[in-house]
Amino acid sequence: MTRVSSSSFISRALSSSSNLSELRRAHALVICLGLDSSDFFAGKLIDKYSQFREPASSLSVFRRVSPAKNVYLWNSIIRAFCKNGLFPKALEFYGKLRESKVSPDKYTFPSVIKACAGLFDAKMGDLVYEQILEMGFESDLYVGNALVDMYARMGLLGRARQVFDEMPVRDLVSWNSLISGYSSHGYYEEALDGYNELRKWWIVPDSFTVSSVLPAFGNLLVVKQGQGLHGFALKSGVNSVVVVNNGLLAMYLKFSRPTDARRVFDEMVVRDSISYNTIICGYLNLEMYEESVRFFLENLDQFKPDMLTASSVLRACGHLRDLRLAKYVHEHVLRAGFVLDTTVKNILIDVYAKCGDMITARDVFKGLECKDTVSWNSIINGYIQNGDLLEAMRLFKLMMMIMEEQADHVTYLMLISVSTRLADLKFGKGLHSNVTKSGISFDLSVGNALIDMYAKCGEVGDSLKVFNSMGTRDTVTWNTVISACVRFGDFATGLQVTTQMRKSEAVPDMATFLVTLPMCASLAAKRLGKEIHCCLLRFGYESELRIGNALIEMYSKCGCLESSFRVFERMSRRDVVTWTGIIYAYGMYGEGEKALEAFVEMEKSGIVPDSVVFIAIIYACSHSGLVEEGLACFEKMKTHYKIDPMLEHYACVVDLLSRSQKISKAEEFIQAMPIKPDASIWASVLRACRTSGDMETAERVSRRIIELNPDDPGYSILASNAYAALRKWDKVSLIRKSLNDKLIKKNPGYSWIEICKKVHVFRAGDTSAPQSEAIHKSLEILYSLMAKEGYVPDSRDVSQNLQEEEEKRRLICGHSERLAIAFGLLNTEPGTPLQVMKNLRVCGDCHEVTKLISKIVGREILVRDANRFHLFKDGTCSCKDRW
DNA sequence: CTAGGGTTAG
């Protein structure tokens with residue numbers, strides 16, 4: 001054989017060797033023929049060995065060649081290291097190359113760049129880029145592509161795009177690298193834009209393009225275009241590649257179209273374990289836990305489950321709370337010989353905890369040789385979920401001792417919720433200072449949790465302090481602060497924050513509406529309530545059940561029974577809360593018959609009444625004088641629906657009897673109650689006594705109250721009021737004195753009225769209010785007109801020991817609702833209806849006065865007191881004097 | 001030189 005023919009024979013033998021032993025035989029031949037010092041054969045061998053994952057052999061070949069190596073050999077060895085993931089080695093040899101006399105060429109750089117990318121070494125990458133620029137290789141297609149890929153992989157998409165834009169020539173790989181970078185770092189819009197741009201240039205995508213852009217389609221939920229791409233994949237044949245099909249599976253699962261995903265899966269000719277995992281995990285994310293597990297079990301013999309399979313199936317078991325299945329999968333994975341990594345063990349902790357098996361969860365936790373933050377978080381969370389808050393705290397303290405710096409925002413979030421649930425302010429404050437020290441306080445969710453914690457521990461001030469110190473706020477932040485204000489009855493701040501939120505970037509969600517609507521209801525802020533209603537229409541929440549329920553309450557408490565009913569009528573779905581809302585609304589307006597009709601309709605519609613709806617219906621009967629009907633409801637609740645009455649039900653029945661002057665019946669009823677009555681129950685009887693003038697009973701009741709509950713301030717105030725009405729001032733001052741000693745103050749009364757988008761608040765006897773003088777003057781005129789109608793002031797409701805009758809009258813005349821009404825009369829056009837809100841009940845005299853005012857000035861006056869609505873019209877009230 | 005699947009809270 002001639003030398004030429006033998007070298008071409010060996011060259012062919014080298015190229016065609018399809019496994020390592022063939023390659024080794026060819027290598028031996030090369031050595032036999034003394035060709036191993038040839039740059040050409042050495043280069044071939046290095047390449048071939050790297051192909052068979054034998055970088056060590058590549059290196060020994062490289063070393064055997066004469067010291068004067070050409071650039072081709074250098075490129076081969078760098079490429080060999082790179083291909084086998086030995087990136088530090090690749091960079092080391094690139095360094096050696098630069099130290100030698102040989103200068104790199106454009107074929108050197110793709111591997112070097114890949115090595116930088118593999119090591120996520122942006123500094124080195126930048127340095128290499130500079131060297132490329134110095135040598136003028138930046139316009140090479142392959143170098144450019146490698147650079148785009150490197151920056152894209154590192155998540156530096158801006159730089160990737162810059163290199164891409166500066167490339168004089170691009171090919172499909174350039175596009176693919178860019179799109180894949182966008183896609184895998186969550187820049188789905190950019191990935192999609194890139195794909196559309198590429199299509200604009202009439203470039204035909206390949207399997208890389210398709211599989212890179214599919215996650216973007218899936219996450220952006222662009223269903224139509226996704227289906228189009230699926231069609232393209234079928235037509236172009238790129239769907240013969242398993243990666244593309246796996247991408248299609250994942251996309252359809254993201255679209256929540258498991259059936260479509262299943263169709264793709266069934267039509268796949270080649271499947272790998274990722275195909276199976278994608279389905280199992282996709283079902284899991286769609287909360288199709290049974291399907292996920294079933295698919296796994298049915299296909300056990302079709303593929304080789306790995307740890308990713310295990311983690312998905314186990315999570316499904318956790319959601320299903322299926323301990324037996326979890327243990328089965330756990331054992332199965334162990335039997336298959338997998339060494340479980342920390343991630344799977346962390347999942348196991350969570351799964352066992354979810355199944356309520358804290359003993360096994362703890363065992364897995366104990367068996368973890370390197371516990372990470374998630375391990376600790378998972379076991380702590382397990383105890384929290386299982387209600388053992390103290391053990392959770394104990395473990396947290398242990399964690400802090402062992403590795404404080406590893407506690408992350410999830411750790412703090414969980415423990416802040418523990419301190420909130422335990423109302424443990426001291427612990428919560430400690431967590432707050434820990435978070436501040438650890439430097440993760442800027443985390444939004446932690447800030448939100450702290451706001452909630454302080455609010456629920458009773459520290460609104462600190463709650464607002466955290467809120468004000470937060471640099472960024474999200475919807476949850478705003479919702480939490482508003483509900484904190486509402487919880488404390490600080491509606492002024494609540495309103496302020498709501499206004500601030502509307503001016504901010506924050507997008508309201510369901511919770512926003514579910515907290516602001518009740519706030520409007522409490523404030524009777526009709527205008528704001530309506531605005532919020534419009535707002536939630538714009539955001540598409542009108543069909544939500546809970547929103548409808550909140551709207552019914554808001555409108556009814558704002559004096560718009562009709563709007564309330566309109567919301568009710570439009571609701572496509574109604575639950576017991578909905579019906580309670582509308583029944584309560586009718587009750588507040590004295591529409592007892594309509595309330596009863598609604599109750600019957602509710603029963604007909606198949607809704608089972610709960611204990612709350614009975615409170616609403618008895619309340620409604622009570623406020624409309626429907627005594628028999630109310631009592632019938634109470635009986636029905638006990639006997640037919642087997643609901644044990646609560647204190648509130650008894651209170652309603654006592655109220656029902658008292659309002660209709662069935663005082664002795666009320667007394668009997670109280671005596672027979674199985675539960676100890678409270679102040680509100682006696683109050684109903686006392687009020688009834690005062691209305692009817694049955695002072696004998698009033699005194700008897702008062703005495704009993706004091707005897708039964710000498711220390712309760714609520715009862716004492718009641719009794720004192722009763723004695724005041726009986727004009728037994730000595731007893732009044734005795735009780736008052738003991739109350740003062742206990743530093744107990746009665747809730748001061750106030751009223752408010754909304755005029756020209758502004759809320760005006762009035763306090764009893766307040767002379768500092770706006771237009772005070774004009775108000776008093778107009779009230780004087782009204783009183784003289786009332787006197788002509790036969791009005792005599794009734795001072796029974798003035799509970800203070802005021803010797804001067806005149807002084808008493810002045811106080812009554814100063815009751816806050818009168819000031820608000822007078823203010824309303826002065827500041828609106830004649831004939832305009834007025835709406836006044838009061839935080840307490842309307843007193844008897846004010847009720848009379850308002851009736852007369854409505855007649856004298858010819859206006860409708862709607863008053864909402866603590867209890868219900870009174871519509872005063874032409875000298876009468878809608879409550880028919882039952883309040 | 002380019003592609004796909006897993007963990008804790010609310």
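Letters go in sequence order (proteins before strands), and every chain restarts at 1.
Spacing between atom NZ of A/K83 and atom P of B/dT2 amounts to 10 Å, rounded to whole angstrom units. Going from atom CE of A/M403 over to atom P of B/dT8 covers 17 Å, rounded to whole Å. If you take CZ of A/F396 and P of B/dT8, they are 20 Å apart, rounded to a whole angstrom. Taking atom NZ of A/K354 as the reference point, atom P of B/dT7 lies 11 Å away to the nearest angstrom.
Partner of A/F303 under the ring pair (Phe, Tyr, Trp, His ring centres under 6.0 Å) criterion, out of A/Y276, A/F265, A/F295: A/Y276 alone. Residue A/L178 forms a side-chain contact (heavy atoms from CB on, under 4.5 Å) with just one option from A/Y195, A/Y151, A/F164, and that option is A/F164.
Using a 4.0 Å heavy-atom distance criterion, A/I274 is classed as a base contact. Here A/D341 lies in heavy-atom contact (under 4.0 Å) with a base. Counting any heavy atom pair closer than 4.0 Å across all strands shown, A/S177 reaches sugar-phosphate atoms only and no base atom. Across all strands, A/K345 comes closer than 4.0 Å to no nucleic acid atom at all (heavy-atom distances). Residue A/D272 is classed as a base contact, given a heavy-atom separation below 4.0 Å to a base. Using a 4.0 Å heavy-atom criterion, one finds that A/V476 contacts no nucleic acid atom at all.
A sub-4.0 Å separation between OP1 or OP2 of B/dA9 and a side-chain N or O of A/N381 is present. Between A/R153 and B/dC1 there is no side-chain N or O to OP1 or OP2 distance below 4.0 Å. Within the 4.0 Å cut-off from OP1 or OP2 of B/dT7, at least one side-chain nitrogen or oxygen of A/R315 is found. Note on A/R421: every side-chain N or O is 4.0 Å or more away from OP1 and OP2 of B/dA9.
For A/F232, the side-chain contact (heavy atoms from CB on, under 4.5 Å) partners at least two apart in sequence or on another chain are A/R199, A/V204, A/P205, A/V210, A/L229, A/S236. With sequence neighbours excluded, the residues that form a salt bridge (Lys or Arg N to Asp or Glu O under 4.0 Å) with A/E391 are A/R362, A/R394. For A/R262, the salt bridge (Lys or Arg N to Asp or Glu O under 4.0 Å) test picks out A/D266, with sequence neighbours left out.
Each side chain to side chain donor-acceptor pair (under 3.5 Å) pair with one or both residues in residues 283-293 of chain A, not counting sequence neighbours, appears once here: A/Y289-A/H319. Applying the salt bridge (charged side-chain N to carboxylate O under 4.0 Å, His left out) definition to pairs two or more places apart or across chains, those involving residues 152-176 of chain A are A/D126-A/R159, A/D149-A/R153, A/R161-A/D165, A/R161-A/E197.
Side-chain atoms of A/N448 stay outside donor-acceptor range of the base of B/dG10, with no qualifying N/O pair under 3.5 Å.
Of all nucleotides listed (B/dT7, B/dC1, B/dA3), B/dC1 comes nearest to the side chain of A/N145. You'll find that the side chain of A/V374 is closest to B/dT8, out of B/dT8, B/dG10, B/dT2. When the nucleotides B/dA9, B/dC1, B/dG6 are ranked by their closest atom to the side chain of A/T343, B/dG6 comes out on top. Out of B/dT8, B/dA3, B/dG6, the shortest distance to the side chain of A/V344 is found at B/dG6. Closest to the side chain of A/P110, out of B/dC1, B/dT2, B/dA9, is B/dC1. Here the nucleotide nearest the side chain of A/S207, chosen from B/dA3, B/dT2, B/dT7, is B/dA3. Of all nucleotides listed (B/dC1, B/dA3, B/dG10), B/dC1 comes nearest to the side chain of A/Y142. Side-chain atoms of A/M414 lie closest to B/dA9 of the nucleotides B/dG6, B/dC1, B/dA9. Taking every side-chain heavy atom of A/Q385 into account, B/dG10 is the closest of B/dT2, B/dG10, B/dT8. Taking only side-chain atoms of A/N377, from C-beta outward, the nucleotide of B/dG6, B/dT8, B/dC1 with the closest atom is B/dT8.
Within a heavy-atom distance below 4.0 Å of DNA chain B, the residues of residues 208-215 of chain A found are A/F208, A/S211, A/S212.
Using modelled atom types, one finds a donor on one side chain and an acceptor on the other under 3.5 Å when comparing A/T512 with A/D509.
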